[in-house]
2 protein chains.
Amino acid sequence: MTVRRSIPDATVARLPIYHRVLTGLVDSGVTTVSSEELAADSGVNSAMLRKDLSHLGSYGTRGVGYDVDLLVYQIARELGITSEWPVVIAGVGNLGRALANYGGFDSRGFRIVGLLDADPQVVGRTFGRGARAQIVHDLSDLEQVVADGQPAIGVIAVPAESAQSVCDRFTAAGVSSILNFAPVELVVADSVEVRKVDLATELQILAFHEQQRRQRTDRELIDVTDANLAGVGDRT
Amino acid sequence: MTVRRSIPDATVARLPIYHRVLTGLVDSGVTTVSSEELAADSGVNSAMLRKDLSHLGSYGTRGVGYDVDLLVYQIARELGITSEWPVVIAGVGNLGRALANYGGFDSRGFRIVGLLDADPQVVGRTFGRGARAQIVHDLSDLEQVVADGQPAIGVIAVPAESAQSVCDRFTAAGVSSILNFAPVELVVADSVEVRKVDLATELQILAFHEQQRRQRTDRELIDVTDANLAGVGDRT
DNA sequence: GAGGGTTTGTGCACTCGTGCACAAGCTCGG
DNA sequence: CCGAGCTTGTGCACGAGTGCACAAACCCTC
């Protein structure tokens, strides 16, 4: 009798993927799926998928598989998609706009309740289509926007210089979860959770592995020890 | 005598952060830094930082700390920032534009050699400021753009439906590293490395923890077991 | 030149994540 | 009603990552 709570972080990070894949299956009219199929579509090992799902409870049927509708619902409930999450976005540059226009938010329970920017040329403009349209407020009205919309999640898409300041004001206003796109390490109280997405870092990790691969193949061609990397110079 | 190669993945993922923080220190005129300080600025444990850096070699001085300039160079070399990495971006929506305009690319060795989009209204337009300006090519010219620019890294910022197709064409044309922003699990050959950034997933992870926190505090207020969630209601 | 203070580099132990392999349990046909 | 054939759920072992704690090594002062 495992206590339902305390799902491993690694599992939580994968649940949204399963949920997305399963939603696709629902649209395709599939009603039952095996761990093998779902794992393949999600790009993970089937044993890991079963263990992940077992943390939510025992919703599969041995010899058959999982009921797609039931599984979608259970994952949605665990992730909190069943309720609606107000989100506020600071910084309406290209990145902020990409988020404001992102179609997948509504269906996953997120609702943008405020856009903020410091640029007077942007303040007052409207982004987002149809019912999701939102006017951009001045960044100085942050506290008021948070008070009105009561967002639990704040997105920081402002330049690095102002990220910490916006973060401080968010947390002071009661925002307890922050998604940070600015390339700085935010300092926050323990009660606040921060997740970071750094585009340059991701590219650099790819570049590193790319370089490793090239050095490896280089070494297979000409078998020279790399002891003398004195002349660093141009890698043309 | 550890063999220089085979740096742990977890370390590789942090090197870009150290590099960024150190670059900031250089700009501030700092010449020497201790593991304690650098770790604090990078948001990690100091022992972990020292172990990370030890994988590059022994570039610190006991009793003193690390020479900032030397460390910046060594990390840059390890990450491959010393050479230039051509990058091609497919999809010039808000996200693709955010990348095209991102200022931190040049300084980290990345150079955009091609922008691609399927929308005729966007093809032919120019994005990026000054010397980084780039004309948007038609997506059907992907192979030609890759042949001309010889990019090692391809960024996929197209809608989910066309992501796999673009990915296949990228890899067929010789791109061996892919950064995927589309919410799909790409299927590729083993020789190709894919990294994924999914905005909705990040928000859902935050929402999950937010919900956990609320349930925890709720339970402290009213101590009711959640055993009876039988009446789930309509799952139309 | 010697000793105190400081900081790096790393051995060690612990935790977490992953995947194999198999028992438990379901369905369906006879 | 029973057995064959699947598929789930999980015990177990292995590997990777993390952080404490300490020896090794350096600088500076006297």
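Contact annotation for B:S46: no contact, since no heavy-atom pair falls under 4.0 Å across all strands. Within the nucleic acid shown, B:A47 comes within 4.0 Å of at least one base atom, counting heavy atoms only.
Per the geometry, CG belonging to B:D9 stands 15 Å off C1' belonging to D:dT18, to the nearest Å. In this structure, B:R14 places its CZ atom 15 Å from P of D:dA16, rounding to the nearest Å. Nucleotide D:dA16 holds its P atom 17 Å from the CE atom of B:M48, rounded to whole Å. In this entry the distance linking CG of A:L53 with P of D:dT8 reads 9 Å, nearest Å. Between the CG atom of A:L71 and the P atom of D:dT8 there is a distance of 11 Å, rounded to whole Å. Taking atom CG of A:L38 as the reference point, atom C1' of D:dG9 lies 15 Å away to the nearest angstrom.
Inspection of the A:S176 and B:E210 side chains reveals an N or O donor paired with an N or O acceptor under 3.5 Å. Using modelled atom types, one finds a donor on one side chain and an acceptor on the other under 3.5 Å when comparing B:Q74 with B:R77.
When each of A:N45 and B:G65 is assigned the nucleotide of DNA chain C bearing its nearest heavy atom, the one mapping closer to the 5' terminus is B:G65. When each of B:E36 and A:P8 is assigned the nucleotide of DNA chain C with its nearest heavy atom, B:E36 is the one assigned upstream, toward the 5' end.
Counting 5' to 3', DNA chain C first comes under 4.0 angstrom of a heavy atom of chain A and last does so at the ends given by C:dG17 to C:dT27.
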Review item, nucleotides 27-30 of chain D N/O atoms under 3.5 Å of protein N/O:
none

Checklist line | side-chain contact (heavy atoms from CB on, under 4.5 Å) between A:N94 and B:Y102, worked out | finding: CA-CA 9 Å; A:N94 283 299; B:Y102 187 52; over 6 Å; no

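With contacts defined as side-chain heavy-atom distances shorter than 4.5 Å, the pair A:D198/A:E202 does not qualify.
Annotation: the span from A:F181 atom CZ to A:I89 atom CD1 amounts to 8.5 Å, rounded to 0.5 Å.
Smallest separation of non-hydrogen atoms from A:E185 and B:D41: CG-O, 3.6 Å. Here the shortest heavy-atom pairing between A:E78 and A:L56 reads CG-CD2, 3.6 Å. Closest approach of A:V166 and A:V158 over heavy atoms only: CG2-CG2, 4.2 Å.
Formation of a donor-acceptor pair under 3.5 Å by the B:S34 side chain with backbone atoms of B:E37 is found in this model.
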